[in-house]
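Report on the structure given below.
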Protein chains: 2
Amino acid sequence: MRSAGMYLCGLDAAVDVIGGKWKVLILWALHAGPRRFGEVKREIEGISEKMLIQSLRELEADEIVHREVFHEIPPKVEYSLTPLGKSLNTALAPLGDWGHKHMKRIEKNRHVTPRP
Amino acid sequence: MRSAGMYLCGLDAAVDVIGGKWKVLILWALHAGPRRFGEVKREIEGISEKMLIQSLRELEADEIVHREVFHEIPPKVEYSLTPLGKSLNTALAPLGDWGHKHMKRIEKNRHVTPRP
DNA sequence: TCAGGTACCCACTAAAAGGTAAGCATCAAG
DNA sequence: CTTGATGCTTACCTTTTAGTGGGTACCTGA
């Protein structure tokens, strides 16, 4: 996050919202509809509970994600995209396509080794 | 950068390429055509030479930016977008628009104070 | 001779981001 | 009466990223 100072352009602001290791994956997971905390966790391989809750809270503060608590036992909390979140996902679609198309090349350039 | 492991989706890969504090600003600066090192530096308020060269090198490794050296005195080096870089910029356009449209809201939610 | 511009490189440090592992309150099932 | 599931929270530590301040080699103009 840019600590103090206005954004230099819209892209700058957008990357500040979706930046970090997990946020786009969370957006992707919520794309198809509301999900519970545990569901999102299981969908995103490798994320820790700490990072998940932290990212969700930041996205909530940015009005991208809506959090709804159901007072039940066992506890149930649902996360979903707000209208702003949906518009963000739409704006991200071309970037997702680009990444998908060039993923192999990116991985090669980074010498990324495949998962064991 | 994702250290070891395949990307989980295209967005993931794309954010890995444009992530960090400065890269989208550099892409933006190169949008209108080739720029010299010093020109880019002057266009991006607040960037240090270290971060600029580091980001440029990474973008070059990702085949987003092309680096051309002119053997002159004083030295001259031009940076420009490769075709891949241009396609990335195109894919980023909707995100830039989104950010531009919601910049005020994002800043407010972050309590970002204006530059002095 | 001396500052200024060019495009960097290097070492060190500070700050941010991320990972690990534990604990909590509640109830149900075994 | 222990285990598991739920959705967190907290403390601590490591890794990654970014910033600072110096140096280089070359030529130009004052």
Side-chain angles (χ1 to χ4, degrees), chain A residues 1-5 7-8 12 15-26 29-30 34-62 65-80 110-112, chain B residues 1-5 8 12 15-26 29-30 34-62 65-80 110-112 115:
Chain A
M1 289 187 189
R2 229 161 246 285
S3 51
Y7 296 115
L8 300 175
D12 197 11
V15 169
D16 209 13
V17 171
I18 59 157
K21 199 168 170 179
W22 303 108
K23 287 189 184 169
V24 292
L25 297 174
I26 292 173
L30 297 180
R35 290 282 179 277
R36 301 182 60 173
F37 179 87
E39 290 174 327
V40 179
K41 196 193 155 196
R42 266 170 260 128
E43 255 180 69
I44 304 177
E45 199 176 298
I47 194 170
S48 67
E49 296 192 337
K50 178 197 156 189
M51 286 315 295
L52 179 54
I53 197 75
Q54 189 178 301
S55 306
L56 282 168
R57 290 281 152 90
E58 286 172 17
L59 290 169
E60 200 193 342
D62 284 333
V65 158
H66 171 72
R67 177 171 181 268
E68 185 149 15
V69 184
F70 297 81
H71 293 286
E72 306 172 358
I73 301 258
K76 173 176 170 180
V77 182
E78 264 189 7
Y79 295 90
S80 54
R110 304 283 176 97
H111 316 294
V112 173
Chain B
M1 287 187 190
R2 229 163 246 286
S3 51
L8 300 174
D12 196 11
V15 168
D16 209 15
V17 171
I18 59 159
K21 200 168 171 179
W22 302 109
K23 287 188 184 169
V24 293
L25 297 174
I26 293 173
L30 297 180
R35 291 282 181 277
R36 303 183 59 173
F37 179 87
E39 290 175 326
V40 179
K41 195 192 156 197
R42 265 170 263 127
E43 255 181 69
I44 303 178
E45 198 177 300
I47 194 169
S48 67
E49 295 193 337
K50 178 199 155 190
M51 287 315 295
L52 179 54
I53 197 76
Q54 187 178 302
S55 306
L56 282 169
R57 290 282 151 91
E58 286 173 15
L59 290 169
E60 201 193 341
D62 284 333
V65 157
H66 171 73
R67 176 172 182 266
E68 186 149 16
V69 184
F70 297 82
H71 293 286
E72 305 172 358
I73 302 255
K76 173 177 170 180
V77 181
E78 264 189 8
Y79 294 90
S80 55
R110 303 284 176 98
H111 317 293
V112 173
R115 285 184 194 275

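The chains referred to below are lettered A, B, ... by the order of the sequence lines, with proteins before strands, and numbering in each begins at 1.
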- Could you tell me whether Tyr79(A) contacts a base, only the sugar-phosphate backbone, or nothing, with contacts defined as non-hydrogen atoms closer than 4.0 Å?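 Sugar-phosphate only.
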- Message: Can you list everything that forms a side-chain hydrogen bond (donor to acceptor under 3.5 Å, both in side chains) with Glu43(B)? Sequence neighbours excluded, please.
- Response: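 Per chain and number, Glu43(B) pairs via side-chain hydrogen bond (donor to acceptor under 3.5 Å, both in side chains) with Arg35(B).
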Separation of [N] [atom2] from [X] [atom1] (nearest whole Å):
X: Asp16(B); N: dA17(C); atom1: CG; atom2: P; value: 16 Å
X: His71(B); N: dC27(D); atom1: NE2; atom2: C1'; value: 17 Å
X: Ile73(A); N: dA29(C); atom1: CD1; atom2: C1'; value: 16 Å
X: Gln54(B); N: dA18(D); atom1: CD; atom2: P; value: 7 Å
X: Glu60(B); N: dA7(C); atom1: CD; atom2: P; value: 15 Å
X: Lys76(B); N: dC27(D); atom1: NZ; atom2: C1'; value: 16 Å
X: Glu72(A); N: dA28(C); atom1: CD; atom2: P; value: 13 Å
X: Ile53(A); N: dG19(C); atom1: CD1; atom2: P; value: 16 Å

Under 4.0 angstrom between [X] side-chain N/O and [N] OP1 or OP2:
X: Arg35(A); N: dG7(D); result: no
X: Arg57(B); N: dA7(C); result: no
X: Arg36(A); N: dT6(D); result: no

- Item | Distance, nearest 0.5 Å, that separates CG of Leu59(B) from CG of Leu30(B) |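 Between atom CG of Leu59(B) and atom CG of Leu30(B) there are 8.5 Å.
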- Message: Distance check, rounded to the nearest 0.5 Å: Ser55(A) atom OG versus Lys50(A) atom NZ?
- Response: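 It is 10.0 Å, given to the nearest 0.5 Å.
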- Task: Of all the heavy-atom pairs spanning Ala29(B) and Val40(B), show the shortest one and how long it is.
- Result: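 In this case the closest contact between Ala29(B) and Val40(B) is CB-CG1, 4.3 Å.
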- Task: Let me know, please, whether Gly20(B) or Phe37(A) comes out on the 5' side of the other along DNA chain D by nearest nucleotide.
- Result: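 Closest to the 5' end, via its nearest nucleotide, is Phe37(A).
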- Item | pair Glu60(B)-Leu56(B): side-chain heavy atoms closer than 4.5 Å |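 Answer no - side chains too far apart.
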- Side chains of Ile47(A) and Leu25(A): closer than 4.5 Å at any heavy-atom pair?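 Heavy-atom side-chain distance check fails, nothing below 4.5 Å.
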- Task: Kindly write out the residues that satisfy salt bridge (charged side-chain N to carboxylate O under 4.0 Å, His left out) with Glu39(A), not counting sequence neighbours, or none if the list is empty.
- Result: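 With sequence neighbours excluded, Glu39(A) shows a salt bridge (charged side-chain N to carboxylate O under 4.0 Å, His left out) to no residue whatsoever.
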- Query: Which angle, rounded to 10°, do you find between the first-five-pair axis and the last-five-pair axis of the helix from dT1(C)-dA30(D) to dG30(C)-dC1(D)?
  - Reply: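 Result, rounded to 10 degrees: 20°.
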- Query: Between dC8(C), dG5(C), dT6(D), which nucleotide has the shortest distance from any of its atoms to the side chain of Val77(B)?
  - Reply: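 Given the options dC8(C), dG5(C), dT6(D), the side chain of Val77(B) is closest to dC8(C).
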Side-chain donor-acceptor pairs under 3.5 Å in residues 65-77 of chain B, sequence neighbours left out?
{"from": "Arg67(B)", "atom 1": "NE", "to": "Tyr79(B)", "atom 2": "OH", "distance (Å)": "3.3"}

- Item | Derivation of the salt bridge (Lys or Arg N to Asp or Glu O under 4.0 Å) call for Asp62(B) and Arg110(A) | CA-CA 8 Å; Asp62(B) 284 333; Arg110(A) 304 283 176 97; 2.6 Å; yes
Using nucleotides 19-23 of chain D, report all nitrogen or oxygen pairs with the protein that are shorter than 3.5 Å.
{"from": "dG19(D)", "atom 1": "OP1", "to": "Lys21(B)", "atom 2": "NZ", "distance (Å)": "2.6"}
{"from": "dG19(D)", "atom 1": "OP2", "to": "Trp22(B)", "atom 2": "NE1", "distance (Å)": "3.1"}
{"from": "dG19(D)", "atom 1": "N7", "to": "Lys50(B)", "atom 2": "NZ", "distance (Å)": "2.8"}
{"from": "dG19(D)", "atom 1": "O6", "to": "Lys50(B)", "atom 2": "NZ", "distance (Å)": "2.3"}

